[in-house]
Amino acid sequence: HQAALSKIDQVARATGTVPAESEKTQELAKDVQGELEDLRDEQGEDFEAAFLEDQKGMHERAIETIDDELLPAATNPEIVQLLTELRASV
């Protein structure tokens, strides 16, 4: 994740884009927090299974967001390239 955040920051500076929070980012943050809270009740193999299932779902959601919302809205070639690279690493 750190490499992706660094790349986002680099492209934002290069394109003069200012990343901003949106309803979508707030929704995702809330969902992640809820999943983390749910994991606190799990232990051992149950924790591992729940963690992997949560990670799978969040990564699938990231790909869907890139495909359905971000790429169609992107007009700057550098941002399109960034999204394409990020999608490949999800």
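- For residues 80-90, the side-chain hydrogen bond (donor to acceptor under 3.5 Å, both in side chains) pairs, not counting sequence neighbours, are Asp67-Arg87, Gln81-Glu85.
- By the salt bridge (charged side-chain N to carboxylate O under 4.0 Å, His left out) test, Arg13 pairs with Asp9, sequence neighbours left out.
- Side chain of Thr15 to main chain of Val11: a donor-acceptor pair is present (N/O by atom type, distance under 3.5 Å, no hydrogens or angles).
- In summary, of the residues considered (Thr65, Val80, Leu82), a side-chain contact (heavy atoms from CB on, under 4.5 Å) with Leu70 occurs for Thr65 alone.
- For residues 71-83, there are no salt bridge (charged side-chain N to carboxylate O under 4.0 Å, His left out) pairs, not counting sequence neighbours.
- We find the CZ-CG distance between Phe47 and Asp38 to be 11.5 Å, quoted to the nearest 0.5 Å.
- Within the structure, the side-chain hydrogen bond (donor to acceptor under 3.5 Å, both in side chains) test picks out the following pairs touching residues 68-77 (sequence neighbours left out): Lys24-Glu69.
- Interatomic distance, CD1 of Ile79 versus CG of Leu86, reported as 11.5 Å (0.5 Å rounding).
- A side-chain hydrogen bond (donor to acceptor under 3.5 Å, both in side chains) check over residues 41-60, counting only residues at least two apart or in different chains, returns nothing.
- Residues satisfying the salt bridge (charged side-chain N to carboxylate O under 4.0 Å, His left out) test with Glu23, not counting sequence neighbours, are none.
- Going from atom CD1 of Ile66 over to atom CG of Leu83 covers 6.0 Å, rounded to the nearest 0.5 Å.
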Does Arg61 form a side chain to side chain contact (heavy atoms under 4.5 Å, CB included) with Leu28? I'd like the steps, not just the answer. CA-CA 9 Å; Arg61 189 170 176 187; Leu28 290 170; 3.2 Å; yes
